[in-house]
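Start at 1 with the first residue, then count along the sequence. FYI, side chains are in, hydrogens and waters are out, and symmetry mates aren't considered; it's all heavy atoms of this structure.
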Amino acid sequence: MVGFFEGSASLFLAGLAAFLVEQAQAQRHFDDALALNEQLGALPQVARTCFAYARWLLQQQRDAAARPLKQRAIDLAVRRRNAGSSRSP
């Protein structure tokens, strides 16, 4: 059986809270999603969470808070790409 892990459900709850303009709840869900994905070592999901969180923070005019999350998402994506390109066919 092959499974696929979407990551913490809190990421989806953060998106819903943001849509409903529940900013405090959105931030709590983003923080929860990031913590759980990190704890599980799910780096692609950590990158996706960082990206979504940074985008939301930018929409809130919180550029300084978004910057490290955006950079972390980029760093994880580059690291994953480089790891994939170093494999032999």
First locate atom [atom1] of [X], then atom [atom2] of [Y], and finally report the distance between them rounded to the nearest 0.5 Å.
| X | Y | atom1 | atom2 | value |
| --- | --- | --- | --- | --- |
| Glu38 | Thr49 | CD | OG1 | 8.5 Å |
| Ser8 | Arg48 | OG | CZ | 10.0 Å |
| Leu57 | Gln23 | CG | CD | 10.0 Å |

- prompt: Of all heavy-atom pairs between Ala26 and Ala18, which one has the smallest distance, and what is that distance?
  reply: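 Answer, listing the atom of Ala26 first, then Ala18: CB-N, 3.8 Å.
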message: On a heavy-atom basis, which atom in Ala17 and which in His29 lie closest, and how many Å separate them?
response: CB-CD2, 4.3 Å
Remaining members of the apolar cluster that contains Phe19, side-chain heavy atoms under 4.5 Å: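 The other cluster members (ILVMFWY side chains, heavy atoms under 4.5 Å, direct or chained) are Leu16, Leu20.
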If you define the side chain from C-beta out and look only at heavy atoms, does anything of [X] sit under 4.5 Å from [Y]?
| X | Y | result |
| --- | --- | --- |
| Tyr53 | Asp31 | yes |
| Leu76 | Arg79 | yes |
| Gln45 | Leu36 | no |
| Leu34 | Cys50 | yes |

Of all pairs that satisfy ring pair (Phe, Tyr, Trp, His ring centres under 6.0 Å), the ones with a partner from residues 54-77, not counting sequence neighbours: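 Pairs touching residues 54-77 that pass the test: Phe30-Trp56.
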task: Check the pair Val46, Arg72 against side chain to side chain contact (heavy atoms under 4.5 Å, CB included), reporting the backbone distance first and the verdict last.
output: CA-CA 9 Å; Val46 171; Arg72 184 156 185 225; 3.7 Å; yes
- request: Report yes or no: does Asn37 contribute a side-chain atom to a donor-acceptor pair with the main-chain N or O of Leu43 at less than 3.5 Å?
  value: no
- prompt: Got a sec, which residues hit side chain to side chain contact (heavy atoms under 4.5 Å, CB included) with Asp75, two or more places apart in sequence or on another chain?
  reply: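 Asp75: side chain to side chain contact (heavy atoms under 4.5 Å, CB included) contacts with Gln71.
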field: Evaluation steps, side chain to side chain contact (heavy atoms under 4.5 Å, CB included), between Phe12 and Glu6
entry: CA-CA 10 Å; Phe12 302 102; Glu6 286 282 336; 3.9 Å; yes
Residues Arg28, Glu22: salt bridge by 4.0 Å N-O rule: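 A salt bridge is absent here (no side-chain N lies under 4.0 Å from a carboxylate O).
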task: Apply side-chain hydrogen bond (donor to acceptor under 3.5 Å, both in side chains) to the pair Arg55 and Gln60, showing each step before the final yes or no.
output: CA-CA 9 Å; Arg55 186 175 56 192; Gln60 304 304 308; over 6 Å; no
